[in-house]
2 protein chains.
Amino acid sequence: MDDKKTTKERIARGAASLFRKQGYAAATLRQIASAIGIKSGSIYYHFDSKQDILFQIMDSTLCELTSIVEEGITKIESPLQKLYAAIDTHIRYHIDNLDYTYAADTEIRSLNEENLKIIIAKRKRYENIFKEIIIEVTTNSTTRIINTKLTTLALLQMCTGLSLWFQKDGELSIQDVIDQYYQFVMSGISDNEK
Amino acid sequence: MDDKKTTKERIARGAASLFRKQGYAAATLRQIASAIGIKSGSIYYHFDSKQDILFQIMDSTLCELTSIVEEGITKIESPLQKLYAAIDTHIRYHIDNLDYTYAADTEIRSLNEENLKIIIAKRKRYENIFKEIIIEVTTNSTTRIINTKLTTLALLQMCTGLSLWFQKDGELSIQDVIDQYYQFVMSGISDNEK
DNA sequence: GTCTATAACTAGATAGAC
DNA sequence: GTCTATCTAGTTATAGAC
């Protein structure tokens, strides 16, 4: 048993893992409860509903991700170094929190109307961090970019897609992935080298 | 009513649309039936089960996509032109069949064991088309590629991600998207220009 | 804070009328 | 080929014992 965490955290962790494997709709509260050794009724002491579990997972993940990416670029002046730092943080956070980021990235359609509004707004804010950096990069260089919005989405899509196939014990190291992705993105958006 | 198609095709079409909006598990047979103006019991005359609908959608989509991409590159000699043609076909097919490709790209986890094997194998085959092209491109040029598998997955992830946000009536034309994506990919994997 | 028991509901699937 | 009616099972959520 995972004694280091509160029951609430253990429920969220178990839920995120099942949401990733089966999807939100297909994962049942009985499975979530059973995964951490409690009964489904007990979940309602910690969460209001199944929807509430999903929302809290997505909300906390988006908030944390946004805050560490913002923090990571705050002292950097060079646009290119900002871009590298943002990609680096994004990828490392995704790899360290595969279950949570997978839910945050793919389960928007499972949110109810009220929660959807909140998450969409936070997502936009996160995407804007990257969009701003890309605009900075391109204003100071010969650029290949046709559309910054498209580029931002393509970039994030590519980096986020890691959650779908990356395996910690696989053949590729995290550093390999970050370097290759940065190379990919950098050369894709700018004629400048280095 | 869509008189041009058989009922079976209309069911598949309605199902794919709902699978995209809500996910396979959350979409009900009653919703699918209602979307095309029949009752849920009637579906079983055309399909064995809900799982069968999903499988046939994914299988036919993967088969068709594979065949038109293969056909599109068959007469092309230049590796770079092959890459462009493959990306072009992939993106156009995705945009023309958003509901079907979305299911094929995201609902693997909803397949049962038997169907999973079949789809995984066809997916691998499709990915290999791109991997082979990337290997061809990189053997004839100064390359930035660390790992062809990673590059293939990043490329496909990026192009496939279109299904998540692209809107036909949006500000971006299909040609814009294809050009930017090809630029992105090309410069990402090779030092050669054009 | 976790349990058991169960209410209220909805799902996929089947059978047989037409 | 589509319908109505229904079976069976599983779902979220609640109530109250401990």
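Naming: A, B, ... by sequence-line order, numbering from 1 per chain.
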Atom pair distance, as rounded to whole Å: [atom1] in [X] and [atom2] in [N]:
X       : N      : atom1 : atom2 : result
B:Asp52 : C:dT14 : CG    : C1'   : 16 Å
B:Ile43 : C:dG12 : CD1   : P     : 9 Å
B:Gln51 : C:dA11 : CD    : C1'   : 15 Å
B:Lys50 : C:dA11 : NZ    : P     : 9 Å
A:Tyr44 : D:dT14 : OH    : P     : 7 Å

Query raised in the report: Passes side-chain contact (heavy atoms from CB on, under 4.5 Å), A:Glu127 versus A:Glu132? Steps please.
Result: CA-CA 9 Å; A:Glu127 286 171 5; A:Glu132 294 296 331; over 6 Å; no
Report task. Apply side-chain hydrogen bond (donor to acceptor under 3.5 Å, both in side chains) to A:Asp52 and list each qualifying residue two or more places apart in sequence or on a separate chain. Result -> A:Gln56
**Report entry** Interatomic spacing from CD in A:Glu71 to OG1 in A:Thr66 - rounded to 0.5 Å
**Finding:** 12.5 Å
Query raised in the report: Can you hop from B:Ile53 to B:Ile108 via hydrophobic side chains spaced under 4.5 Å?
Result: yes
Query raised in the report: Residues in side-chain contact (heavy atoms from CB on, under 4.5 Å) with B:Thr152, at least two apart?
Result: B:Phe130, B:Lys131, B:Ile134, B:Leu156
Query raised in the report: Tell me, which of residues 14-30 of chain A have any heavy atom that sits under 4.0 Å from an atom in DNA chain C?
Result: none
Report task. Sequence neighbours left out, what pairs pass ring-ring contact (aromatic ring centres under 6.0 Å, His included) with at least one residue falling in residues 21-51 of chain B? Result -> B:Phe19-B:Tyr24
Report task. Identify the heavy atoms of A:Ile32 and A:Ile11 that sit nearest to each other, and give their distance. Result -> CG2-O, 3.9 Å
Query raised in the report: Using rotation axes that map the C1' atoms of four end pairs onto the next four (five pairs an end), what angle separates the end axes of the helix from C:dG1-D:dC18 to C:dC18-D:dG1, to 10°?
Result: 10°
Mind listing the N/O atom pairs, protein and nucleotides 2-5 of chain C, below 3.5 Å?
{"unit_1": "C:dT2", "atom_1": "OP1", "unit_2": "A:Thr7", "atom_2": "OG1", "d": "3.1"}
{"unit_1": "C:dT2", "atom_1": "OP2", "unit_2": "A:His46", "atom_2": "NE2", "d": "2.7"}
{"unit_1": "C:dC3", "atom_1": "OP2", "unit_2": "A:Lys39", "atom_2": "N", "d": "2.6"}
{"unit_1": "C:dC3", "atom_1": "OP2", "unit_2": "A:Ser42", "atom_2": "OG", "d": "2.6"}

Does the distance from a Lys or Arg side-chain N to an Asp or Glu carboxylate O, for [X] and [Y], drop under 4.0 Å?
X        : Y       : answer
A:Lys122 : A:Asp59 : yes
A:Lys82  : A:Glu77 : no
A:Arg92  : A:Asp96 : no

Query raised in the report: Is any side-chain heavy atom of A:Ile95 less than 4.5 Å from a side-chain heavy atom of A:Lys168?
Result: yes
